[in-house]
Amino acid sequence: MAAVDNWRTCLNDLKFFKQLRENNNTDSKQKKGAFSKSLLKILDTDLFVWDGYDDQLLNYNLKNFSTNSTEKKSRFQTLQCTNPPRYEIDHIEFNSTKSFLALWGSSGVMVVEIPQRWGKFSEFEGGKPLVACKTTSVADHYFASHKSVQLLQVAWHPGSETDSHLTLLTSDNLLSTYDLKEPDVPLHTVKLGDAVQDVSDSPNKPSYRAALGDVAASFDFGPAIPLQRKNRLHSTLVSPDVVWPAYVVYGNGDVIIAFTDLTPDLTGIKNLSIQGPLLMHPPAEDNYGVDASSIAVLGTSPTVLVIATRDGKLHHCLVMDSCTEDNTLQSESPSVTSVDSSLLYLNPDEVSLYVYESVELELSLTTNSVETDEYIEDTFTCPIKIMKDSIAPDRYHCTHSAGVHTIVLPWVQEYQKFFTDDQTDNVPEQEACIVEHLVCTKPLPSSPVAPVLGLGLVKGLSVEPSLLTLTSDYELVSLPLCPSRYRNSGETLRSSEDPTAIESPLRRLSRESFDEYIKKILQRNVTNPKLKFDKKTEISQQECFQLLTRTTQVFRGEYLQKQEHAQQEIQKRVRILRNLRIQQEEDIEHLKVSQNKVRDMAENLASKYSDCQDKQEEIIQRIEDVMRRLQEKMPLMSEAERGMKRELETMEEQLKVYKRSLEQLKIKQEYQKRQISQTPNRVYASPTLKSGQLKQIKEVLQQEGDDLSEMLKRVNALKLEAGV
């Protein structure tokens, strides 16, 4: 736990970070802008921050705080560009494989090749303090020949197999994709509209088209769409191609879809027309804001689109297929381009934006005047940048010139279940998003702007993830993000539920659990952010009192009152459960008495059942006896008796055969005796038998005699039984 506290509290005390803060705060040449930047990135536990003073990238591993070595804790690496940029860097962006880093500002973009890691601690080039990195300028010739064009946004293309394709959005309404192998020639370019500029345009002066909102402000890639190619000869479909839609928002709030691809074929994806402006439901007179600044596509299903405006409004839209009426209206609306693609591809399905909710961020803290006790209106506006959360797809973060906000969309999970489950027809209930004001750098309308210079998400060092904010004074502010504040923590660490457990009747009556009910009561609509404004800002006692009053009101309304309400509900629940317990105890006593009565009745019934069973067996035996006697008195013989008769007749015939054989033997015996008596003087050789043979003959004759006697007895007995 000590290591966790160290990295959160002691990061600003590191030597290299102190030097970074001193150089960038005392640099007279550097002009502090009024808009937020993105100069800080966190990959796993590696912290990267851009040093604009020396034009180099600093790397620090947050795991160094877990060691006891002072040298290891202060160890960092410097990634120096071989060809440093000649313009101010406002944003840094890593690709998905962390092999390239894009450095870009309004005047150009440069890509840094990240060196390899090796060694004991897996550091760059084995742990060298200073590492030289190869740099590549992208579209350098284009920006040099178009001085009035500004770079609005840079993003790595998600469809790149080598992760080396970069997509640029410029102020001349061009969406260009470059390959790092040929950084000066765009792979393909999508024209988002008329690119004519004012004659008086300059890099530091916006054009009249930007003031009217006709210039694209931001873009983000959506999930890939399979595109069917049409065969020209047989008009049949062949293997599909995958395209990546880029959702582009204009300053006036219009959203279009530009389909991008990485194939350099001239007859390929360039012939696809742009969809839009997309219809938004329900329609609004101001088109949901006329000063859009950024757009983001959350990695959820269904696809959720977030549109941010400069006045602090956020619109959460569901991207869904358009109905027939929407397709008709959208086809009648003027499209940005009118390229015929019917010969090559089937156009993707038309989509529309369904605005689920709109929320307004509190840029400056809302306070009341001390003299009049009236609400002080704030007309402050600034661009809002959206950073998607890599842990939770239904959560994102907003950075702007006045601080940091975190927004969670709890209804996304319910709609995901609704769209994936075909058996349910119940639309999820309306549920508002959760907005938490984490850092405020402009607490009062009169306070100067102190834009946030970077925001990163730290995970893996503690149980809960944390947000690391880089303020305008180059100080790091770490705030933990507790998932329990926003969503259920998931499955509890317990064994499987007992299948014999009985569910409480109260849970059957209520749709939501009591815990969820208490969480909704304690849910805060307004928070007290951490104040982190410019150190040079002087705040009067009256302004301090306004902040104190506002903080007290928030604590009273969002903490004390809600806790009292939750306490009352808990006490009410306890009273109900206590009364139910008393009633259930009485019911248990009554059931015990009933159980004893039922047990006695069961014993009596068991005894009666045993007697009935014995009586039934006795009756069955008597019935069998009666049936046997009736069968004996019947004049006709049964099948068994007929079979016995046939067997006796067979045995009688066999006895006759045996009798004739016996008579023949007697005749032979008499004949032999006469022959012997007639020749008394004749000498015959007396046969001699061995004792064993004689014994065997006696046994055989005795056995045959026994068999004959036994058969005679059986015949006599059967005759008696049959009455023959």
Side-chain angles (χ1 to χ4, degrees), residues 153 169 173 175 190 192-193 210 212-223 225 245-259 273-337 347-361 381 383-386 388 394 396 398 407 409 411-412 415-416 418-419 427-428 430-433 435:
Q153 188 175 349
L169 177 64
N173 283 342
L175 190 67
V190 180
L192 305 177
L212 295 176
D214 293 338
V215 177
S218 176
F219 78 97
D220 194 12
F221 288 103
I225 297 177
Y247 293 84
V248 184
V249 63
Y250 283 81
N252 56 11
D254 291 339
V255 179
I256 65 171
I257 300 179
F259 299 99
S273 60
I274 295 176
Q275 287 188 13
L278 302 182
L279 295 179
M280 301 182 71
H281 303 278
E285 295 181 357
D286 59 347
N287 196 26
Y288 294 95
V290 293
D291 202 1
S293 60
S294 61
I295 190 172
V297 180
L298 303 184
T300 59
S301 178
T303 303
V304 177
L305 204 67
V306 182
I307 303 174
T309 60
R310 297 173 66 94
D311 55 355
K313 292 183 180 180
L314 299 174
H315 306 292
H316 302 145
C317 310
L318 291 172
V319 181
M320 301 178 65
D321 293 339
S322 301
C323 59
T324 306
E325 296 179 358
D326 296 342
N327 291 335
T328 304
L329 294 174
Q330 196 160 348
S331 61
E332 293 177 356
S333 61
S335 179
V336 180
T337 58
N347 287 325
D349 296 335
E350 300 286 343
V351 297
S352 299
L353 302 181
Y354 293 83
V355 181
Y356 181 84
E357 63 183 351
S358 296
V359 62
E360 185 174 359
L361 301 180
T381 60
I384 297 177
K385 293 180 174 57
I386 301 174
K388 291 181 281 189
D394 57 348
Y396 64 94
C398 294
I407 297 90
L409 310 179
W411 48 268
V412 170
Y415 272 87
Q416 184 174 0
F418 173 74
F419 281 105
V427 180
Q430 187 78 13
E431 188 175 2
C433 65
V435 181

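- Between the S358 side chain and the H315 main chain, no donor and acceptor come within less than 3.5 Å of each other.
- Taking 4.5 Å as the limit, every side-chain heavy atom of V297 sits out of range of all side-chain heavy atoms of F221.
- Contact detail for D311 and E360: the closest heavy-atom pair is O-OE2, 4.1 Å.
- For H281 against L279, the heavy-atom pair with the smallest separation is NE2-CB, 4.0 Å.
- Within the 4.5 Å cutoff, side-chain heavy atoms of V304 are placed close to those of L318.
- Closest non-hydrogen pair, I295 versus Y247, comes out as CG2-O, 3.7 Å.
- The minimum heavy-atom distance linking D254 with N252 is given by the pair N-OD1, 3.1 Å.
- Distance check, rounded to the nearest 0.5 Å: CG of L305 to CG of D220 gives 8.0 Å.
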Next item on the list: Could you give me the CA-CA distance, side-chain angles and deciding distance for I384 and T309, then say whether side-chain contact (heavy atoms from CB on, under 4.5 Å) is met?
Entry: CA-CA 7 Å; I384 297 177; T309 60; over 6 Å; no
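- Summarising the geometry, atom CG belonging to L175 is positioned 8.5 Å from atom CD1 belonging to I274; distances are rounded to the nearest 0.5 Å.
- I407 places a side-chain heavy atom less than 4.5 Å from the side chain of C398.
- Taking all atoms of both residues into account, the shortest heavy-atom contact from A216 to N173 is N-OD1, 2.9 Å.
- Residue K388 places its NZ atom among more than 12 non-hydrogen atoms of other residues, nucleotides or ligands, all under 6.0 Å distant.
- Evaluation of the side chain to side chain donor-acceptor pair (under 3.5 Å) rule for E357 yields H316, W411 as partners, not counting sequence neighbours.
- One finds the CG atom of D349 at 13.0 Å from the CE atom of M320 (value rounded to the nearest 0.5 Å).
- Between M280 and C317, the closest side-chain pair of non-hydrogen atoms falls below 4.5 Å.
- Inter-residue side-chain proximity for E431 and Y415 is flagged as unmet; no heavy-atom pair is nearer than 4.5 Å.
- Taking every heavy atom of both residues into account, F259 and V190 meet most closely at O-CG2, 4.2 Å.
- For the pair L314 and I307, the minimum side-chain heavy-atom distance is 4.5 Å or more.
- Note: T300 OG1 to Q416 CD = 7.5 Å, rounded to the nearest 0.5 Å.
- Donor-acceptor pairing under 3.5 Å is recorded for the side chains of S218 and Q153.
- No side-chain heavy atom of L298 sits under 4.5 Å from any side-chain heavy atom of D394.
- Looking at L278 and I256, their side chains never come closer than 4.5 Å, going by heavy atoms from C-beta outward.
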Checklist line | side-chain contact (heavy atoms from CB on, under 4.5 Å) evaluation trace for V255 with Y250 | finding: CA-CA 6 Å; V255 179; Y250 283 81; over 6 Å; no
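- Among residues at least two apart or in separate chains, salt bridge (charged side-chain N to carboxylate O under 4.0 Å, His left out) pairs with a member in residues 295-310 are D291-R310.
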